[in-house]
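Any value given below was found using the heavy atoms of this structure, including those in side chains, with hydrogens, waters and symmetry copies removed.
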Amino acid sequence: MTADDSFGRLDDDDYPAYTMGRAAEMLNTTQGFLRAIGEARLITPLRSAGGHRRYSRYQLRIAARARELVDGGTPIEAACRIVILEDQLEEAQRINAEYHRDTKPPGMPTSA
């Protein structure tokens with residue numbers, strides 16, 4: 001991969017651009033928290049060639065939501081389950097909206 005390829009991927013939410021240390025710093029949390037949500041299978045960081053965990057922006061948003069719930073007193077396992085269900089609901093709503101958009105007869109007004 002060239003430098004030009006790397007710069008082009010900076011806008012990719014799924015590109016694993018952040019080390020564990022940097023991710024923890026950005027989320028104002030510990031590396032242990034990131035390991036714990038990994039063990040709970042909320043996120044699975046990619047590994048660098050040297051075996052180090054690398055996180056994407058999408059994974060950091062997921063981790064931040066889990067951190068928010070944990071900071072509010074939710075146990076980490078429950079927080080991870082809540083975040084997974086929220087993510088599934090968001091995806092189902094997106095698919096549903098696409099379906100309705102695609103199956104609407106031509107010329108029919110959109111509802112507000």
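L60 approaches L27 most closely through the heavy-atom pair O-CD2, 3.6 Å. The two residues A40 and C80 come nearest to each other via the heavy atoms CB-SG, 3.7 Å. Contact between A63 and F33 at its shortest, heavy atoms only, is O-CE2, 3.8 Å.
No donor-acceptor distance shorter than 3.5 angstrom exists from the side chain of T74 to the backbone of A78, with no hydrogens or angles considered. Side-chain N or O atoms of R67 include one that pairs as donor or acceptor with a backbone N or O of N28 at under 3.5 Å. Using modelled atom types, one side-chain atom of R54 and one backbone atom of A17 make a donor-acceptor pair closer than 3.5 Å.
At least one side-chain heavy atom of R47 sits less than 4.5 Å from a side-chain heavy atom of R53. For the pair R22/Y55, no side-chain contact is recorded, criterion being any heavy-atom separation below 4.5 Å from C-beta on. Within the 4.5 Å cutoff, side-chain heavy atoms of M20 are placed close to those of L34. By the 4.5 Å heavy-atom criterion applied to side chains, R94 and E90 are not counted as neighbours.
Residue I37 is grouped with residue M26 when hydrophobic side chains (ILVMFWY) are merged at heavy-atom distances under 4.5 angstrom, including chains of intermediate members. Note on I62 and Y15: separate hydrophobic clusters, where clusters join Ile, Leu, Val, Met, Phe, Trp and Tyr whose side-chain heavy atoms are under 4.5 Å apart, directly or indirectly.
Separating the CD atom in E77 from the CD atom in E39 is a distance of 10.0 Å, to the nearest 0.5 Å. The distance from the CZ atom of R101 to the CG atom of N96 is 10.5 Å, given to the nearest 0.5 Å. The CZ atom of R81 sits 11.0 Å away from atom CG of L42, with the distance rounded to the nearest 0.5 Å. With values rounded to the nearest 0.5 angstrom, I84 atom CD1 is found 14.0 Å from L89 atom CG.
Look at R61 and D13 and you find a salt bridge, because one of the NZ, NE, NH1 or NH2 atoms lies within 4.0 Å of a carboxylate O, short of that distance.
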